[in-house]
Amino acid sequence: MSRRTPPRPEDPASVLPELAGHGRTATRLHPRPGSPGVGDSSVSGPLLWPADEPWPTCTEPHPRGHGYLLRDAERRRTELYGPPRRRVSPEGRLVPFHPMPHALHRPDLADTDPVPLLAVAQLYRRDVPDLPAGPDGCDLLQVLWCPFSLHGPDQVELEPRLYWRRSEEVREVLAPAPRPEVVGAGPVLTGPCVLHPERITEYPDLPALPEALAGRLTGADAERYRTALSVAPGWKAGGYPYRHRTSPPPDRCGCGAALTLLLAATHGEWDPDDPTWQPVEDRPGRVRLNAPTGFGVCDGSTVQIFVCADDPSHPHLTWTHL
Ligand SMILES: [Zn+2]
Ligand SMILES: [Zn+2]
């Protein structure tokens, strides 16, 4: 089933005529729980990973024996975000969640033992028109991250790793892919989802507008521009970045060139209280559909990955807000 975003309640360029011509396309991915294959674009589906290429691992020091068992965390994610289930038994008792102890499950693991990364996303360019070109004509992007969100200077960031491939060069596929036994935090896990890519047009987020322009929008008008007319929530490729007021995302590559938003991953696909971005096919929707991947802890949980607009082989930059 395709997913269609309803038309914007009004044309952003009629609200601010200076925005005419500044629309930028983005591809909303519309992930929904499913069983993708290696030949599909997906969130947390199996990757088209060559059998003779080592699966990536994290060796940065953090306690990798302490946390949640992956099998417990996956079961909890299904309880929270999977198909609705009865929370009350026929006898009227509340059905408890599966236990998910946060404990030292693997005392034998040293802090730098290699821990397999989690498969987060796989995007084929044929499916995602706003996926920027990869280096050397690659048509497949694979994104993985460490199951411990203990990276960066403040030890609170995810450090996604990107792998670009030419899909036709992959012969034998690695199966099954290695998986960590222990994970640091439930919100870094995403459940397997198929994608329903849809191309939309976006405008710069309110804090990214020149002051003179943003200053003309006040009160409810500013809020309406920010929530309904500018940047789409949810998982997407390309388009304008979500711009936090106090912690703006990076805007320049180390080489000085502009950055392009490669991929945004978020908890919520739309705001349940103001569902202007909710696809028509999901209406009326269950609230839990608003977070189909299970990523993050609240609607503000966001990871944005940026790449150099001039040279896709330059190191990518990441902005994390969990
Ligand atoms: Zn790590
Ligand atoms: Zn660059």
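Counting begins at 1 with the first residue of the sequence. Because the structure is predicted, anything quoted here is derived from the model rather than measured. FYI, side chains are in, hydrogens and waters are out, and symmetry mates aren't considered; it's all heavy atoms of this structure.
Judged by distance alone, the side chain of S230 and the main-chain N or O of Y225 form a donor-acceptor pair under 3.5 Å. With hydrogens and angles ignored, the 3.5 Å screen pairs a side-chain donor or acceptor of D11 with a backbone N or O of A13. In this structure a side-chain-to-backbone donor-acceptor pair under 3.5 Å is present from R283 to P275. The closest donor-acceptor contact from the side chain of Q304 to the backbone of Y242 lies under 3.5 Å. For the pair Q278 (side chain) and P272 (backbone), a donor-acceptor distance under 3.5 Å is absent. Looking at W235, its side chain never comes within 3.5 Å of a backbone N or O of R28 through a donor-acceptor pair. Using modelled atom types, no side-chain atom of T318 and backbone atom of E159 make a donor-acceptor pair closer than 3.5 Å. Looking only at distances, no side-chain donor or acceptor of H62 sits under 3.5 Å from a matching main-chain atom of T59. A donor-acceptor contact shorter than 3.5 Å links the side chain of D113 to the backbone of A110. At least one donor-acceptor pair closer than 3.5 Å links the side chain of S41 to the backbone N or O of Y124.
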C58 vs R64, side chain to side chain contact (heavy atoms under 4.5 Å, CB included): CA-CA, chis, key distance, verdict: CA-CA 10 Å; C58 176; R64 60 249 292 111; 4.2 Å; yes
Test side chain to side chain contact (heavy atoms under 4.5 Å, CB included) applied to L195 and V43, step by step: CA-CA 7 Å; L195 307 183; V43 167; 3.8 Å; yes
Trace of the salt bridge (charged side-chain N to carboxylate O under 4.0 Å, His left out) decision for K236 with E269: CA-CA 10 Å; K236 64 171 187 172; E269 289 289 313; over 6 Å; no
Intermediate values then yes/no, salt bridge (charged side-chain N to carboxylate O under 4.0 Å, His left out), R71 and E181: CA-CA 8 Å; R71 62 169 185 265; E181 190 179 340; 5.4 Å; no
Chi angles and distances behind the side chain to side chain contact (heavy atoms under 4.5 Å, CB included) call for L263, L29: CA-CA 10 Å; L263 177 69; L29 300 178; 3.8 Å; yes
Check against side chain to side chain contact (heavy atoms under 4.5 Å, CB included), V156 and L322: CA-CA 8 Å; V156 292; L322 288 179; over 6 Å; no
Intermediate values then yes/no, salt bridge (charged side-chain N to carboxylate O under 4.0 Å, His left out), E202 and R8: CA-CA 10 Å; E202 294 187 323; R8 295 303 80 212; over 6 Å; no
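Nearest heavy atom pair, residue W277 against residue A228, reads CZ2-O, 3.5 Å. Between G239 and A26, the closest heavy-atom pair is CA-CB, 3.6 Å. Of all non-hydrogen atoms in P241 and P249, the two that sit nearest each other are CB-CG, 4.4 Å. The two residues P116 and W55 have their closest heavy-atom pair at CB-CD1, 3.9 Å.
A salt bridge does not link R216 with D221: every distance from a Lys NZ or Arg NE/NH1/NH2 to an Asp or Glu carboxylate oxygen is 4.0 Å or more. Salt bridge annotation for R179-E74: present, with a cationic side-chain nitrogen under 4.0 angstrom from a carboxylate oxygen. Here D139 does not pair with R126 in a salt bridge; the nearest charged N to carboxylate O distance is not below 4.0 Å.
Transitive grouping of hydrophobic side chains (ILVMFWY, heavy atoms separated by less than 4.5 Å) keeps L47 and V120 in distinct clusters. Linking Ile, Leu, Val, Met, Phe, Trp and Tyr residues whenever their side-chain heavy atoms come within less than 4.5 Å places L213 and V15 in a single cluster. Under the 4.5 Å side-chain heavy-atom criterion for ILVMFWY residues, no single connected hydrophobic cluster contains both Y163 and V38. Cluster membership check: L261 shares its hydrophobic cluster with L259, using side-chain heavy-atom separations under 4.5 Å among Ile, Leu, Val, Met, Phe, Trp and Tyr.
At least one side-chain heavy atom of V115 sits less than 4.5 Å from a side-chain heavy atom of F148. Side-chain contact between D72 and P101 is present, with heavy atoms from C-beta onward closer than 4.5 Å. Annotation: side chain of D136 is not in contact with side chain of S313 (no heavy-atom distance under 4.5 Å). Within the 4.5 Å cutoff, side-chain heavy atoms of E281 are placed close to those of S2. Contact of the P279 side chain with the D282 side chain is registered, since non-hydrogen atoms from C-beta on lie closer than 4.5 Å. Counting only heavy atoms from C-beta outward, the side chains of R171 and P50 never approach each other to under 4.5 Å. Residues W49 and R165 have side chains in contact (heavy-atom distance under 4.5 Å, counting atoms from C-beta outward). Using a 4.5 Å heavy-atom cutoff, the side chains of L262 and L141 are in contact.
In this structure, F295 has its ring center no closer than 6.0 Å to that of H267.
The only member of R3, R4, E198 that meets side chain to side chain donor-acceptor pair (under 3.5 Å) when paired with H30 is E198. Just one of T320, V183, V303, L158 meets the side-chain contact (heavy atoms from CB on, under 4.5 Å) condition when paired with S149; it is L158.
Within 6.0 Å of CD on E211 lie no more than 12 heavy atoms contributed by other residues, nucleotides or ligands. Atom CZ of R93 has 12 or fewer heavy atoms from other residues, nucleotides or ligands within 6.0 Å. Around atom CD of E172, no more than 12 heavy atoms belonging to other residues, nucleotides or ligands sit under 6.0 Å away.
Interatomic distance, CG of L189 versus OG1 of T293, reported as 10.5 Å (0.5 Å rounding). Taken from CG in L123 to CH2 in W164, the straight-line distance is 8.0 Å, to the nearest 0.5 Å. The line from CG of L144 to CG of L118 is 8.0 Å long, rounded to the nearest 0.5 Å. Residue L229 holds its CG atom at 11.0 Å from CD of E223, rounded to the nearest 0.5 Å. Expressed to the nearest 0.5 Å, how far CZ of R125 lies from OG of S167 amounts to 12.0 Å. Between the CZ atom of R199 and the OG1 atom of T27 there is a distance of 5.5 Å, given to the nearest 0.5 Å.
When hydrophobic residues (I, L, V, M, F, W, Y) are linked wherever their side-chain heavy atoms come within less than 4.5 Å, V194 remains an isolated member.
Residues forming a salt bridge (Lys or Arg N to Asp or Glu O under 4.0 Å) with R166 (at least two apart in sequence, or on another chain): E169.
Relative orientation of the H321 and W319 rings is parallel, given thresholds of 30° and 60° on the angle between their planes.
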